[in-house]
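Report on the structure given below.
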Amino acid sequence: MSKAIVSREQDYSQWYNEIVIKAGLADYSAVKGCMVIKPYGYAIWERMQRALDDMFKETGHSNAYFPLLIPKSFFSKEASHVEGFAKECAVVTHYRLKNSPEGIVVDETAKLEEELIIRPTSETIIWNTYKGWIQSYRDLPLLINQWANVVRWEMRTRLFLRTTEFLWQEGHTAHATAQEAIEETIRMMDTYAEFAEKWMSMPVIKGIKSANERFAGAVDTYCIESLMQDGKALQSGTSHFLGQNFAKAFDVKFLNKEGKSDFVWATSWGVSTRLMGALVMTHSDDEGLVLPPMLAPHQVVIVPIYREEEQHQKINEVVAKLKNEFKAEGIRVLYDEADNRSPGWKFAEYELKGVPIRLAIGPKDLEKGTVEVYRRDLKKKEFVPIDGITAYIKNLLVEIQKSLYDKAIAFRTASTIKVDDYTTFKDILEKKGGFLLAHWDGTSETEEKIKEETKATIRCIPLEGEKEEGKCIYSGKPSAQRVIFAKAY
RNA sequence: CGGGGCGUAGCGUAGCCUGGUAUCGCGCCUGCUUUGGGAGCAGGAGGCCGUCGGUUCAAAUCCGGCCGCCCCGACCA
């Protein structure tokens with residue numbers, strides 16, 4: 001079976017799909033728009049979860065779990081929230097099936113009195129619950145996160161990037177002051193940025209969403225935006241300052257130190273399995289997946305090469321020792337001893353799967369006291385003395401992690417362009433995409449027009465970098481700073 | 001919901017125009033030889049051709065309905 005994949009240049013989206021499928025990250029399922037996350041893909045997601053979860057705990061959050069099903073009436077309480085999600089909600093209307101001449105059918109006598117919505121996000125059920133948990137400023141801040149699945153009935157789906165059901169975490173916090181809530185919102189955006197850059201080796205731009213792109217029910221949406229290799233932007237995480245919108249909708253009040261009653265201030269923030277898609281599209285190449293060592297399920301794979309059983313045994317001895325050394329240093333190592341696959345097959349397979357380092361040990365190495373070290377990201381191999389190999393590998397993993405980041409940021413820098421006239425703007429968008437730094441007059445109308453004409457949207461109003469005044473690229477009206485336009489996933 | 005494509009063995013496919021029960025590759029099984037970039041040879045197993053109906057002596061092939069999936073677009077994290 002040929003597992004070669006189509007090149008990025010030939011067909012970028014097919015390239016992406018083939019990597020996801022052939023590297024064993026996920027599979028299509030029997031349910032339209034829903035995917036199966038396979039063990040290898042799930043292992044990466046688990047590593048992401050663990051890292052993020054540790055960071056959430058570090059910043060004082062606790063995990064909890066709220067119901068999948070939400071009474072329909074909850075959705076009508078926050079006006080813009082309903083409006084944002086109504087179009088994509090799955091609705092549970094019955095609770096029983098029955099046998100009939102036509103087979104199994106819905107039992108019409110088992111109709112729910114109030115229909116239940118499968119959560120597209122949990123603000124409503126959570127704020128309904130928080131109402132009972134919060135009475136005074138002493139109950140605040142309330143810092144809770146949940147790991148959950150959500151369902152959004154999208155018209156068109158893409159593996160990991162947009163599926164009907166997806167996995168995510170959603171943090172929901174309550175605070176005594178607006179100031180505190182805003183700080184929390186920014187803290188979590190920063191946490192996401194740190195995670196993306198440190199763990200995923202994926203550079204991100206932190207910013208605020210324009211009104212058009214804001215979360216339904218938020219006062220402000222902060223985000224991290226990353227740039228994929230095809231020049232399209234991917235929203236990789238969002239953190240919302242919800243003001244008192246949900247507190248008012250669900251009547252969540254507290255008594256402050258002065259004994260006065262006030263609505264609490266809220267935030268919510270999330271990242272999802274979409275990050276898996278971001279990971280694929282940030283680093284991978286035409287040979288397949290490329291994983292940053294910190295998230296790779298296997299950081300090192302060892303492939304033995306031998307003719308006779310005697311050699312095999314000797315290699316096993318060497319590898320057994322290596323494995324112990326690696327494990328003692330916290331290096332995740334896989335020894336692929338399968339004798340029904342040739343070394344060449346294994347080489348190709350682990351490249352496709354993005355294992356950062358491959359070691360091959362054969363008779364020649366036994367003789368010379370070396371091991372062949374192959375670096376997935378640069379596709380380079382070299383022979384390294386087996387003495388001191390553990391320290392060498394440990395350093396190399398760090399080096400790869402950094403190198404991936406450097407490469408990604410170099411690409412982003414080269415693809416981030418200041419543009420001051422609309423013709424050039426359209427031209428660059430059409431030819432290569434990327435982040436376009438342009439002035440904008442701050443109105444939704446202008447953003448809408450630009451979107452209609454170019455398909456680019458404002459990814460964010462960046463929080464960092466120079467603040468330079470200018471004139472809107474579309475309307476010529478004054479602008480306080482450049483914003484980032486891009487076509488987005 | 002529009003546009004395009006596809007449905008034949010576990011996977012990828014040929015055959016369809018011009019009807020006669022299915023090709024090839026990978027994978028799988030057995031044996032021997034192999035193993036430093038997806039091994040070789042020999043033998044073997046595996047398919048009511050998405051589904052329902054029609055035409056015909058005969059349908060993967062022609063006609064009609066239905067179902068499903070993928071891609072592109074509108075919607076969206």
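What you see is a predicted model; the values in this text were computed from it and never measured.
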Tyr222(A) vs Phe241(A), ring pair (Phe, Tyr, Trp, His ring centres under 6.0 Å): CA-CA, chis, key distance, verdict: CA-CA 8 Å; Tyr222(A) 291 72; Phe241(A) 170 54; 8.1 Å; no
Working for ring pair (Phe, Tyr, Trp, His ring centres under 6.0 Å), residues Phe425(A) and Phe485(A): CA-CA 9 Å; Phe425(A) 182 89; Phe485(A) 281 93; 5.2 Å; yes
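Remark: P of rU34(B) and CD of Gln311(A) are 12 Å apart, rounded to the nearest angstrom. Look at CG on Asp11(A): it is 15 Å from P on rC70(B), rounded to the nearest Å. In this structure, the NE2 atom of His312(A) is 11 Å from the C1' atom of rU35(B), given to the nearest Å. Summarising the geometry, the separation between NZ on Lys346(A) and P on rG36(B) is reported as 10 Å, rounded to the nearest angstrom. Between the CD atom of Glu452(A) and the C1' atom of rC75(B) there is a distance of 14 Å, given to the nearest Å. In this structure, Asp27(A) atom CG and rC11(B) atom C1' are separated by 11 Å, rounded to whole Å. One interatomic measurement links the two molecules: CD1 of Ile5(A) to P of rG12(B), which rounds to 16 Å at whole-angstrom precision. Following rounding to the nearest Å, Glu448(A) (CD) and rC75(B) (C1') show an atom-to-atom distance of 12 Å.
Between the side chain of Lys455(A) and the base of rG73(B), no donor-acceptor pair under 3.5 Å is found.
For the segment residues 357-378 of chain A, the set of residues with a heavy atom within less than 4.0 Å of an atom of RNA chain B comprises Arg358(A), Ala360(A), Gly362(A), Pro363(A), Lys364(A), Asp365(A), Glu372(A), Tyr374(A), in numerical order.
Atom P of rC62(B) sits at a distance of 9 Å from the matching atom of rU18(B), rounded to the whole Å. Look at the C1' atom in both rU13(B) and rC24(B): the space between them is 8 Å, to the nearest Å. Distance noted for atom C1' between rG40(B) and rG19(B): 41 Å (whole Å). Distance noted for atom P between rU61(B) and rC49(B): 9 Å (whole Å). Across rG10(B) and rG37(B), the matching P atoms stand 33 Å from one another, rounded to whole Å. The same atom, C1', is picked in rU21(B) and in rA60(B); the two are 9 Å apart, to the nearest Å. Nucleotides rU23(B) and rG15(B), compared at atom C1', are 7 Å apart to the nearest Å. Comparing the C1' positions of rG27(B) and rA39(B) gives an interatomic distance of 15 Å, to the nearest angstrom.
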Show the distances under 3.5 angstrom between N or O atoms of the protein and N or O atoms of nucleotides 39-44 of chain B.
{"from": "rA39(B)", "atom 1": "OP1", "to": "Ser342(A)", "atom 2": "OG", "distance (Å)": "3.3"}
{"from": "rA39(B)", "atom 1": "OP2", "to": "Ser342(A)", "atom 2": "OG", "distance (Å)": "2.2"}

Between the protein and nucleotides 65-69 of chain B, are there any N/O to N/O pairs under 3.5 Å, and if so, what are the atom names and distances?
{"from": "rC69(B)", "atom 1": "OP1", "to": "Lys32(A)", "atom 2": "N", "distance (Å)": "3.4"}

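Residue Asn17(A) has no polar side-chain atom (N or O) positioned under 4.0 Å from OP1 or OP2 of rC70(B).
Under the 6.0 Å cut-off for aromatic ring centres, His81(A) and Trp127(A) do not qualify, their centroids lying 6.0 Å or more apart.
Summarising the geometry, atom NZ belonging to Lys449(A) is positioned 5.5 Å from atom OH belonging to Tyr474(A); distances are rounded to the nearest 0.5 Å.
Nucleotide rG31(B) forms a pair with rC41(B), judged by Watson-Crick or G-U wobble geometry with both contacts under 3.5 Å. Pair assignment for rC1(B) gives rG73(B), based on Watson-Crick or G-U wobble hydrogen-bonding distances that are each under 3.5 Å. Figure legend. rC49(B) is base-paired to no nucleotide; pairs are counted as Watson-Crick or G-U wobble with both atom distances under 3.5 Å.
Surrounding NZ of Lys426(A) are more than 12 heavy atoms belonging to other residues, nucleotides or ligands, all under 6.0 Å away. Applying the 6.0 Å contact sphere to NZ of Lys98(A) captures more than 12 heavy atoms from other residues, nucleotides or ligands.
Judged by a 6.0 Å distance limit and a 45° cone about the ring axis, Lys368(A) is positioned over the six-membered ring of Phe383(A). A cation-pi arrangement is not found for Arg376(A) relative to Tyr350(A), the charged atom failing to lie both closer than 6.0 Å to the ring centre and inside a 45° cone about the ring normal.
Of the listed nucleotides (rC71(B), rG37(B), rC75(B)), rC71(B) has the atom at the smallest distance from the side chain of Ser13(A).
The aromatic rings of Phe215(A) and His240(A) sit parallel, their planes meeting at an angle under 30°, below the 60° perpendicular limit.
Position along RNA chain B of the nearest nucleotide to Glu213(A) versus Gln14(A) favours Gln14(A) as the more 5'-ward residue.
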